[in-house]
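Below is one structure; the comments refer to it alone.
Computation of the quantities below employed the complete heavy-atom set of this structure, encompassing side-chain atoms and omitting hydrogens, waters and symmetry-equivalent molecules. Since the structure is predicted, the reported quantities are computational estimates derived from the model, not experimental observations. When a ligand or atom number is given, it counts from 1 through the structure's own listing order.
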Amino acid sequence: MIDLHCHSTVSDGRLSPAEVVRLAHANGCTLLSLTDHDHTGGLAEARAEADLLSLRFVNGVEVSVTWRGRTIHIVGLDFDERDEKLQNLLADVRKGRLKRLETIAEKLAKKGIHGAYEGALALAANPEMVSRTHVAEFLINQGHVRNKQQAFTKYLGDGKPCSVRHDWADLGECVAALNGAGGMAVIAHPMRYDLSATAKRNLFEEFKSLGGAGIEVHSGNCSKNDRLNYALLAERYGLLASAGSDFHRLNDFSGGILGACPELPENCRPVWTQFRQTVS
Ligand code: AMP
Ligand code: MN
Ligand code: MN
Ligand code: MN
């Protein structure tokens, strides 16, 4: 039972790193990575808890990247978190979230929704990591939308009225930093981007040529058909296959069950076969 993508309160998840590990273990997980957005601050706590439970744990992070004007997420796995270049890249990516929140709040105010800046910040355990998820939770709590999905389709999603363009890390620099720290780069939830077949081919080819290792063949609550499709694409582009729940909180139906991803199709070469010996 494997899960190589999930979140804690260090970014936009609701459980602490130790709680994430305990729940994954309770769900039968045997290999876990915690992949908070742009931040490795939860890894030490998660690893310590995984050690107590004899659950195999690998370092993880989900880096926000801008590729040809679009936001793409790259999961980094099995890297040395002390690597200075990687930490500098992550620190750079984290800059600007508060500024972006200010602009989002201004756009919401024009729609008659006030107090989003303070409201979202109050929900973020880590102000540096305040995200659209926190704004969505604010909108739900205030009764403006029924659920997270609606918050994104109505206001916050890319191209929606209150979305704000933002420049994240460069794809090549992100892959180089992860590889330089001894890790691997994986394209997160490829089935979630609104990319044409051509754009997807360009992304996969460029990612591979930059030294990218794999793609998530399973993510969240994607379909079996998605897994089969992305397993074929991974094979075609010579990429390894990863699997992650993208868990953020309990009772969030867009994420999968924490710690318990379905099996990958047989033609996959799993990323974890290439992990360094990090049995804990
Ligand atoms: P941010 O990094 O602040 O732009 O926030 C991105 C986060 O918002 C993602 O990690 C997801 O947790 C969430 N998110 C983005 N788009 C959607 C969507 N369409 N539906 C639900 N959650 C989303
Ligand atoms: Mn998130
Ligand atoms: Mn993501
Ligand atoms: Mn994620």
Side-chain angles (χ1 to χ4, degrees), residues 3-15 20 32-40 42 60-67 70-77 90 93-105 107-108 116-117 120-121 123-140 145-169 171 174 185-195 215-216 218-222 242-256 258 261:
D3 192 345
L4 300 176
H5 184 154
C6 61
H7 298 273
S8 76
T9 46
V10 166
S11 61
D12 57 350
R14 269 301 184 81
L15 305 181
V20 167
L32 180 70
S33 183
L34 176 69
T35 56
D36 275 306
H37 296 287
D38 310 324
H39 209 304
T40 59
V61 68
E62 182 176 14
V63 187
S64 315
V65 158
T66 303
W67 177 75
R70 303 159 183 279
T71 298
I72 301 287
H73 286 172
I74 300 295
V75 164
L77 295 170
L90 295 177
V93 186
R94 290 197 294 268
K95 278 184 202 149
R97 276 189 178 269
L98 281 172
K99 188 81 205 140
R100 181 181 68 145
L101 175 62
E102 232 174 82
T103 317
I104 293 173
K107 289 194 168 191
L108 283 166
Y117 185 85
L121 265 184
L123 294 167
N126 181 0
E128 188 188 37
M129 285 310 302
V130 67
S131 95
R132 283 184 293 169
T133 301
H134 300 110
V135 182
E137 285 179 3
F138 163 80
L139 293 172
I140 296 165
V145 293
R146 281 195 305 277
N147 52 43
K148 190 176 175 189
Q149 211 52 50
Q150 201 181 34
F152 279 89
T153 45
K154 211 166 161 190
Y155 297 110
L156 304 172
D158 299 339
K160 301 297 175 188
C162 301
S163 73
V164 174
R165 278 196 49 126
H166 194 77
D167 279 327
W168 304 108
L171 179 64
C174 168
V186 168
I187 297 177
H189 42 67
M191 52 295 280
R192 283 223 321 247
Y193 309 118
D194 188 19
L195 295 175
I215 63 173
E216 286 183 346
H218 169 78
S219 171
N221 59 1
C222 81
S242 190
S245 65
D246 207 359
F247 174 88
H248 285 77
R249 57 179 295 173
L250 288 165
N251 304 320
D252 172 3
F253 299 104
S254 64
L258 175 65
C261 293

Notebook entry, point to check: Judged by modelled atom types alone, do Glu62 and His73 share a side-chain donor-acceptor pair under 3.5 Å?
Noted result: yes

The Mn ion (ligand 4) to nearest N/O/S of His7 less than 2.8 Å | yes

For Asp12, the ligand 1 atoms with a heavy-atom partner under 4.0 Å come out as 7 (C), 10 (O), 12 (O)

Quick test of your reading of the model: are Glu137 and Arg132 salt-bridged, counting only N-O distances below 4.0 Å?
no

Honestly, for Glu62 the part within reach of ligand 1 (heavy atoms, under 4.0 Å) is neither

* Asked: Looking at side-chain heavy atoms only, is the closest gap between Asp167 and Thr66 below 4.5 Å?
  -> yes

Pairs of nitrogen or oxygen atoms closer than 3.5 Å, one from Arg192 and one from ligand 1: do any exist? no

Of all protein heavy atoms, the one nearest atom 4 (O) of ligand 1 is Arg132 NE, 2.8 Å

Logged contact type for Asp246 with ligand 1, heavy-atom cut-off 4.0 Å, is neither

heavy-atom search around atom 20 (N) of ligand 1 in the protein gives Gln149 NE2, 3.2 Å

Protein-derived N, O or S atoms sitting under 2.8 Å away from the Mn ion (ligand 3) total 3

| query | Can you find an N or O of Trp168 that's nearer than 3.5 Å to an N or O of ligand 1? | reply | no

- Query: Could an N or O of ligand 1 be found under 3.5 Å from any N or O of Arg100, whether backbone or side chain?
  - Reply: yes

For Ala105, the side-chain contact (heavy atoms from CB on, under 4.5 Å) test, sequence neighbours excluded, returns Ala116, Tyr117

**Asked** With distance as the sole criterion, is a donor-acceptor pair present between the side chains of Asp158 and Ser163 under 3.5 Å?
**Response** no

Is it the case that Asp246 and Ser219 place a side-chain donor and acceptor less than 3.5 Å from each other?
no

When distances are taken from atom 18 (C) of ligand 1, the protein heavy atom at minimum range is Phe152 CG, 3.5 Å

of all protein heavy atoms, closest to atom 12 (O) of ligand 1 is His248 NE2, 3.0 Å

May I ask you to decide if the ring planes of Trp168 and His166 are parallel, tilted or perpendicular, using 30° and 60° as cut-offs? tilted

Working note: Asp12 + His134, criterion side-chain hydrogen bond (donor to acceptor under 3.5 Å, both in side chains); need CA distance, chi angles, decisive distance, verdict. CA-CA 7 Å; Asp12 57 350; His134 300 110; over 6 Å; no

In this structure, atom 2 (O) of ligand 1 is nearest to the protein heavy atom Arg97 NH2, 3.1 Å

